[in-house]
*Asks:* 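Here you go, one structure.
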Amino acid sequence: MFAGEEFARDIKIAPSILSADFANFGAEIQAIEKQGCDWVHVDVMDGHFVPNITFGPQTCKAIRPHVGTLMDVHLMIAPVDPFIEAFAQAGADILTAHVEAGPHLDRTLQAIRAAGCRAGVALNPATPAESIGHVLDRVDLVCVMTVNPGFGGQSFIPAMVAKVARLREMIGDRPVHIEVDGGVTPETVPLAAAAGADVFVAGSAVFKGGSVANPDVYGDNIRKIRNAAQAARQGSQSAA
Ligand code: DX5
Ligand code: ZN
C-alpha cells in the first residue's frame with residue numbers, strides 16, 4: 001500500500017503518542033519503533049470538534065524525522081479542508097478526517113489524495129457504517145472510533161464491534177484498512193480483530209508503565225496486544 005508496498009491485512013499496532021511524554025516526542029517515537037510498533041498514530045485535536053486541544057502541523061513536522069515507520073495522522077478538527085495541505089507538507093503518510101467534521105466528505109477525501117497522502121475516514125461511535133458506503137473507493141483506511149474522541153484512557157464501546165464487522169463486509173476485496181481507535185487493550189482487542197480490523201491504535205495500553213528510560217515495557221505492552229489480536233483472528237478464521 002505504501003510506496004511500492006503490497007496491501008496487506010496483517011495485524012498492525014499503532015501506538016498513539018497522545019499517551020507519550022509531550023516534552024519528549026522524538027525519543028518516545030524512537031522507543032516505540034525500536035520496541036516493534038508498526039505505525040505511529042498522531043492525534044490532532046482542536047478544542048472545537050472535540051473537547052481537547054493537542055497540537056498542529058508544526059509539531060507534526062518536527063516529529064516527522066523521528067518516524068521511521070509510517071505517520072498516521074488523525075485529524076479531530078473542523079473545518080478540516082483548510083488544513084489538509086499543511087498536514088501533508090508536514091509529512092503525514094495517512095491523513096484521516098472525520099465524517100462528522102464537514103458537509104463535503106467526498107471533496108475532503110479527494111483533497112487528501114490530491115495532497116499526496118493516503119486518505120482515511122473516521123466514524124464517531126454514533127455514526128453508522130453506511131454513512132461511508134458511497135466513498136469507499138476514495139479511502140485507504142476506515143477508522144472506527146471505539147470511544148468518543150477527545151481523550152485517551154476511556155473504555156472501549158462494545159457496540160462498535162458490529163460496526164467493524166459490517167464495514168469489513170462493505171469493503172469486500174478493496175485495499176482498505178480497518179483501524180480501531182480507543183480503549184484498545186489485550187482484553188478488548190480480540191473482539192475487534194475477530195470482526196475484521198487490522199490496525200489497532202492504542203495509547204494508554206502501550207505507554208502505561210514504561211518510559212524512554214524503561215522502554216522494554218512498551219515492547220511487552222505491544223506484544224501483548226499483538227498476540228491477543230493474532231490469536232483472535234486465527235480463532236475466527238478456523239471457526240469460519
Ligand atoms: C481518542 C484518540 C485515540 C486515543 C486512544 O480521541 O483518537 O487515538 O489516544 O487512547 P487510548 O488507547 O488510551 O484509548
Ligand atoms: Zn486517534
Side-chain angles (χ1 to χ4, degrees), residues 11-22 25 28-29 32 37-56 59-60 63 67 69-78 80 87 92-101 112 117-127 139-161 163-164 177-193 197-210 217-218 220-222 224-226 228-229:
I11 305 282
K12 289 165 281 296
I13 309 298
S16 163
I17 60 165
L18 186 62
S19 297
D21 175 359
F22 270 44
F25 277 145
E28 290 276 41
I29 289 167
I32 51 173
C37 76
D38 300 280
W39 296 1
V40 175
H41 186 83
V42 178
D43 285 310
V44 175
M45 304 186 186
D46 67 351
H48 167 72
F49 179 69
V50 288
N52 194 7
I53 299 176
T54 55
F55 44 74
T59 304
C60 292
I63 65 178
V67 179
T69 56
L70 190 148
M71 189 155 97
D72 172 30
V73 178
H74 179 189
L75 297 177
M76 287 163 274
I77 64 174
V80 62
F87 283 100
D93 293 294
I94 306 176
L95 262 188
T96 296
H98 268 259
V99 174
E100 310 82 6
I112 292 173
C117 299
R118 304 288 162 168
V121 63
L123 289 79
N124 278 339
T127 302
V139 299
D140 303 286
L141 175 142
V142 176
C143 173
V144 178
M145 291 308 301
T146 40
V147 298
N148 287 289
F151 303 96
Q154 304 180 80
S155 301
F156 183 90
I157 302 173
M160 296 304 109
V161 174
K163 195 193 288 190
V164 171
H177 295 288
I178 300 183
E179 176 176 76
V180 286
D181 186 2
V184 170
T185 66
E187 290 69 42
T188 58
V189 80
L191 300 165
D198 61 303
V199 187
F200 302 89
V201 175
S204 14
V206 166
F207 286 93
K208 75 159 185 236
V217 177
Y218 295 163
D220 290 343
N221 291 341
I222 290 169
K224 282 182 196 148
I225 299 168
R226 190 190 300 284

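None of these values were measured; they are calculated from a predicted model. Atoms within a ligand are numbered from 1 in the order they appear, just like the ligands themselves. Hydrogens, waters and symmetry mates are skipped; everything else that's a heavy atom, side chains included, is used.
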*Asks:* Suppose I only count heavy atoms of Met45 and a 4.0 Å limit; which atoms of ligand 1 are within that range?
*Replies:*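 Per the distance check, 6 (O).
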*Asks:* Taking 4.0 angstrom as the limit and counting only heavy atoms of Pro149, give me the atoms of ligand 1 inside it, by number and element.
*Replies:*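 Near Pro149, the atoms of ligand 1 are 6 (O).
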*Asks:* Please report the C-alpha distance between Phe55 and Val44 in whole Å, then the side-chain angles of each, then the deciding distance to 0.1 Å, and finally whether the side-chain contact (heavy atoms from CB on, under 4.5 Å) criterion is met.
*Replies:* CA-CA 6 Å; Phe55 44 74; Val44 175; 4.2 Å; yes
*Asks:* Per the salt bridge (charged side-chain N to carboxylate O under 4.0 Å, His left out) rule, which among Asp198, Asp72, Asp38 passes with Lys12?
*Replies:* Asp198
*Asks:* Parallel, tilted or perpendicular: which fits the ring planes of His177 and Trp39, with parallel below 30° and perpendicular above 60°?
*Replies:*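 Ring orientation, 0 to 90° scale: perpendicular.
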*Asks:* Which of the numbered atoms in ligand 1 are under 4.0 angstrom from any heavy atom belonging to His74?
*Replies:* 7 (O)
*Asks:* Closest non-hydrogen protein atom to atom 6 (O) of ligand 1, residue and atom name please, with distance?
*Replies:*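 That would be Gly150 N, 2.7 Å.
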*Asks:* Tell me whether the Zn ion (ligand 2) has Cys143 as a neighbour, meaning an N, O or S atom of it below 2.8 Å.
*Replies:*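 It does not: Cys143 brings no N, O or S atom closer than 2.8 Å to the Zn ion (ligand 2).
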*Asks:* Identify the closest protein heavy atom to atom 13 (O) of ligand 1: which residue and atom is it, and at what distance?
*Replies:*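 Of the protein heavy atoms, Ser204 OG, 2.3 Å lies nearest.
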*Asks:* Only heavy atoms of Met76, strictly under 4.0 Å: list the atoms of ligand 1 that pass.
*Replies:*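 Counting atoms of ligand 1 from 1, those under 4.0 Å from Met76 are 6 (O), 7 (O).
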*Asks:* Short list, please: which atoms of ligand 1 are under 4.0 Å from a heavy atom of Val201?
*Replies:* 8 (O)
*Asks:* So do Asn221 and Phe207 actually touch side chain to side chain, heavy atoms under 4.5 Å?
*Replies:*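 They are not in contact (no side-chain heavy atoms under 4.5 Å apart), so the answer is no.
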*Asks:* Examine distances only and state if a side-chain atom of Thr188 and a backbone atom of Gly183 form a donor-acceptor pair shorter than 3.5 Å.
*Replies:*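 Here the side-chain-to-backbone pair exists.
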*Asks:* Using distance alone, with no hydrogens and no angle criterion, decide if His41 and Asp43 have a side-chain donor and acceptor under 3.5 Å apart.
*Replies:*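 Result is yes, a qualifying pair exists.
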*Asks:* Tell me which N, O or S atom from Asp43 is the closest to the Zn ion (ligand 2).
*Replies:* OD1
*Asks:* Which of the atoms in ligand 1, numbered in the order shown and given with their element, are less than 4.0 Å from a heavy-atom of Met145?
*Replies:*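 In order of number, 7 (O).
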*Asks:* Determine which of the N, O or S atoms in Asp181 is closest to the Zn ion (ligand 2) and give its atom name.
*Replies:* OD2
*Asks:* Distance under 4.0 Å to a non-hydrogen atom of Gly182: what atoms of ligand 1 satisfy this?
*Replies:*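 Counting from 1, the qualifying ligand atoms are 14 (O).
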*Asks:* Of all the N, O or S atoms in His74, which one sits nearest to the Zn ion (ligand 2)?
*Replies:* ND1
*Asks:* Going by distance only, is there an N or O of Asp43 that falls short of 3.5 Å from an N or O of ligand 1?
*Replies:* yes
*Asks:* May I ask whether Ala202 places a heavy atom under 4.0 Å from ligand 1?
*Replies:*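 Right, Ala202 reaches ligand 1.
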*Asks:* Are the side chain of Gln154 and the backbone N or O of Asn148 linked by a donor-acceptor pair below 3.5 Å?
*Replies:*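 Looks like yes, one N/O pair under 3.5 Å.
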*Asks:* Check whether Thr146 reaches the backbone of Ile157 with its side chain - one donor and one acceptor, N or O, closer than 3.5 Å.
*Replies:* no
*Asks:* Note the single closest protein heavy atom to atom 1 (C) of ligand 1, along with its residue, its atom name and the distance in Å.
*Replies:* Phe151 O, 3.7 Å
*Asks:* Quick one: closest heavy-atom pair of Ile11 and Ile13, and the distance?
*Replies:*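 Scanning both residues, the minimum pair turns out to be CG2-CD1, 4.1 Å.
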*Asks:* Without swapping roles, check the side chain of Lys224 against the backbone of Thr185 for a donor-acceptor pair under 3.5 Å.
*Replies:* no
*Asks:* For ligand 1 and Gly153, I'd like to know whether there is a polar contact (N/O to N/O, distance under 3.5 Å).
*Replies:*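 It does: an N or O of Gly153 is found under 3.5 Å from an N or O of ligand 1.
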*Asks:* Would you say Asp46's side chain and His48's backbone share a donor-acceptor pair under 3.5 angstrom?
*Replies:*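 Side chain of Asp46 to backbone of His48, a donor-acceptor pair under 3.5 Å: yes, one is there.
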*Asks:* Is a donor on one side and an acceptor on the other found under 3.5 Å between the side chain of Glu100 and the backbone of Thr127?
*Replies:* no
*Asks:* Checking a contact table here: which protein heavy atom is nearest atom 5 (C) of ligand 1, and how many Å away?
*Replies:*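 The answer is Asp181 OD1, 3.6 Å.
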*Asks:* Under 3.5 Å, is there a donor-acceptor pair between the side chain of Ser19 and the main chain of Ser204?
*Replies:* yes
*Asks:* Return the closest protein heavy atom for atom 10 (O) of ligand 1 as residue, atom name and distance.
*Replies:*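 The answer is Gly152 CA, 3.6 Å.
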*Asks:* At less than 4.0 angstrom from any non-hydrogen atom of His41, what atoms of ligand 1 do you find?
*Replies:*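 Near His41, the atoms of ligand 1 are 8 (O).
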*Asks:* Among Gly203, Ser155, Ala14, which one puts a heavy atom closest to atom 12 (O) of ligand 1?
*Replies:*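 Heavy atom nearest to atom 12 (O) of ligand 1 belongs to Gly203.
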*Asks:* Specify side chain, backbone, both or neither for Ser16, according to which of its non-hydrogen atoms lie closer than 4.0 Å to ligand 1.
*Replies:* side chain
*Asks:* Of the non-hydrogen atoms in Gly150 and Met45, which two are nearest, and what is the gap between them?
*Replies:* O-SD, 3.1 Å
*Asks:* Identify, by name, the N, O or S atom of His41 lying closest to the Zn ion (ligand 2).
*Replies:*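 Going through the N, O and S atoms of His41 one by one, NE2 ends up nearest to the Zn ion (ligand 2).
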*Asks:* Identify the closest protein heavy atom to atom 14 (O) of ligand 1: which residue and atom is it, and at what distance?
*Replies:*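 Nearest neighbour among protein heavy atoms for atom 14 (O) of ligand 1, to 0.1 Å: Gly183 N, 2.8 Å.
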